[in-house]
Amino acid sequence: LQLLRSGGLMVYSTCTFNPIEDEAVVASLLRWAKGAVEVVDPRETVPGLRCHPGISSWKVLDRNLGDWSSFGAVEEALRAKRRARLANRRRLVEAR
């Protein structure tokens, strides 16, 4: 993005249906750019292009196929696991 000329056009394309590689990347870029870039309908510049609108929300599956509706939920679950591990370690140390 830093190499993109003012008023220039950047195309982001993937060959996956995974929203983490598609919509999430674009959403992250838009947040990072703080209004300096915008998503435009590609059919305006590429006549005859067949495309579908992206999605605006999705769930993320972890390796155990648990689904998460937000990154905040993942962070909270990780904090809870860390607290439990620390509490276990304290109990082991106190038991010695």
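Residue numbers count from 1 along this sequence. In this text, all values refer to a predicted model and were calculated from it rather than measured experimentally.
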Review item, side-chain donor-acceptor pairs of residues 7-16, under 3.5 Å, at least two apart:
| from | atom 1 | to | atom 2 | distance (Å) |
| --- | --- | --- | --- | --- |
| Tyr12 | OH | Glu21 | O | 2.6 |
| Thr14 | OG1 | Asp22 | OD1 | 2.2 |
| Thr16 | OG1 | Asn18 | N | 3.0 |

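A distance of 4.5 Å separates CD of Glu23 from CD1 of Ile55, quoted to the nearest 0.5 Å.
Residues passing the side-chain contact (heavy atoms from CB on, under 4.5 Å) test with Arg31 are Ala27, Ser28, sequence neighbours excluded.
Residue Arg5 places its CZ atom among 12 or fewer non-hydrogen atoms of other residues, nucleotides or ligands, all under 6.0 Å distant.
A donor atom on one side chain and an acceptor atom on the other are found under 3.5 Å apart for Asn88 and Arg91.
At a threshold of 4.5 Å between non-hydrogen side-chain atoms, the residues Glu38 and Val40 count as touching.
Distance alone, capped at 3.5 Å, is enough to place a donor-acceptor pair between the Asp41 side chain and the Arg43 backbone.
Between Glu76 and Arg83, at least one side-chain nitrogen of the basic residue sits less than 4.0 Å from a carboxylate oxygen of the acidic one, meeting the salt-bridge criterion.
Val46 and Val39 fall into different hydrophobic clusters, where Ile, Leu, Val, Met, Phe, Trp and Tyr side chains are chained together by heavy-atom contacts under 4.5 Å.
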